[in-house]
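For reference, the structure discussed in these notes is given below.
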There are 2 protein chains.
Amino acid sequence: MTRENNSSGIDRTASKKTYHNPSEAALDRIGGKWKTGILCMLAEHGELRNGELLRRLSPVTQKMLTQQLKELEADGLILRTVFPEVPPKVVYELTDKGWSLQSVLEPLCEWGKKLLHAD
Amino acid sequence: MTRENNSSGIDRTASKKTYHNPSEAALDRIGGKWKTGILCMLAEHGELRNGELLRRLSPVTQKMLTQQLKELEADGLILRTVFPEVPPKVVYELTDKGWSLQSVLEPLCEWGKKLLHAD
DNA sequence: CAGAATCCTACGGGATACTG
DNA sequence: CAGTATCCCGTAGGATTCTG
């Protein structure tokens, strides 16, 4: 089993974006189309494999899932663990930093529910 | 003075997007590049005019500001009030629905601050 | 003062096929 | 099983100019 700090190949610390508001920086991390879904699933079910996420987040595509997972990993929000087996096995789980996002995701979801309910 | 329910010309209620997560619906409302900034400014200072927002949110352009304001108004988050004077005067302020977003924006900003502080 | 009208481009996101 | 590798497209976002 191999646990790396960052196997995504993306260096988020090097990107020097200029944020005009703290919330922009936050949205930059969770703004991807499937990111909140991924984070919610991992918060709800703990460790999940690629295939499980693929099913639970249907109709997400493999490409998009992989891409969003990489970014979340690069931002230190999730941990990717590879089991050197055949066939391959990879699990994803929230890091402490990822868990700290619950304080943001919960209000966000609650507010979103009201929206969908209002129609 | 003219107060209209929706003078933006955008009908958000007609757009039938399919959200796979409540938070997606929420992000759809506040995800615009300058929206959180606008909402924060209005929450902090109350009524603000176009020019004031333009300055406080610099380097936002007039086009982007207008566009984001229209969408926020179409979503019922802000109220646009026109004073029929010469020269023209327009003020923007939060609606009740807009104020309800504070429960989302606050955690979002707090989390964002930690990010910017961590570097 | 507060915008409307154009034009343009980068990139987020998707469909499809291939691989260790 | 868990991904790459390509190709492709719509649109969010920006620069610039004009208007009541």
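Every chain is numbered from 1 and lettered A, B, ... according to where its sequence line falls, protein lines coming before strand lines.
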Could you tell me the separation between the CD atom of A/E71 and the P atom of D/dG3, rounded to a whole number of Å?
15 Å
Look at A/R49 and D/dA2 and indicate whether a side-chain polar atom (N or O) is within less than 4.0 Å of OP1 or OP2.
yes
About how many Å separate CZ of B/R49 and CG of B/L54, when rounded to the nearest 0.5 Å?
12.0 Å
Atom CD of A/E47 to atom C1' of D/dA2: distance rounded to whole Å?
16 Å
Set of residues satisfying side-chain contact (heavy atoms from CB on, under 4.5 Å) with respect to B/S103, sequence neighbours excluded:
none
Mind calculating the distance between CD (A/E52) and C1' (D/dG3) to the nearest angstrom?
16 Å
Non-neighbouring partners of B/R55 that pass side-chain contact (heavy atoms from CB on, under 4.5 Å), sequence neighbours left out:
B/E52
Could you run down the sub-3.5 Å N/O contacts of the protein with nucleotides 13-17 of chain C?
unit_1, atom_1, unit_2, atom_2, d
C/dG13, OP1, A/K33, N, 3.4
C/dG14, OP1, A/K33, NZ, 2.4
C/dG14, OP2, A/W34, NE1, 3.1
C/dG14, N7, A/K63, NZ, 2.8
C/dG14, O6, A/K63, NZ, 2.1

Can you give me the bend angle of the helix from C/dC1-D/dG20 to C/dG20-D/dC1? Use the axis through the first five pairs and the one through the last five, nearest 10 degrees.
50°
In this structure, how many angstroms lie between the C1' atom of D/dA2 and the CG atom of A/L65, rounded?
10 Å
Among residues at least two apart in sequence or on other chains, which ones pass salt bridge (charged side-chain N to carboxylate O under 4.0 Å, His left out) with A/K63?
none
To the nearest angstrom, the CG-C1' distance between B/D28 and D/dT11 comes to 13 Å
Is the backbone N or O of B/L77 less than 3.5 Å from a side-chain atom of B/T95, with the two atoms forming a donor-acceptor pair by type?
yes
Taking only residues two or more places apart in sequence, or in another chain, which ones meet B/P59 in a side-chain contact (heavy atoms from CB on, under 4.5 Å)?
A/H20, B/W34
With A/E110 via salt bridge (charged side-chain N to carboxylate O under 4.0 Å, His left out) - residues at least two apart
A/K113
Just jot down the salt bridge (charged side-chain N to carboxylate O under 4.0 Å, His left out) partners of B/E71, sequence neighbours excluded, or say none.
B/K35
In whole angstroms, the gap separating P of D/dA12 from NZ of B/K70 amounts to 14 Å
For the side chain of A/P88, counting heavy atoms from C-beta on, which of D/dG3, D/dC1, C/dG3 is nearest?
D/dC1
Could you check how far CG of A/L48 sits from P of D/dG3, rounded to whole Å?
13 Å
When rounded to whole Å, the CG to C1' distance for the pair A/L69 and D/dA2 reads 11 Å
Any B/R55 side-chain N or O less than 4.0 Å from OP1/OP2 of C/dC1
no
Do any side-chain atoms of residues 36-46 of chain B form donor-acceptor pairs under 3.5 angstrom with protein atoms, and if so which ones, sequence neighbours left out?
unit_1, atom_1, unit_2, atom_2, d
B/T36, OG1, A/S23, OG, 2.8
B/H45, ND1, B/M41, O, 3.2
B/H45, NE2, B/R56, NH1, 3.4

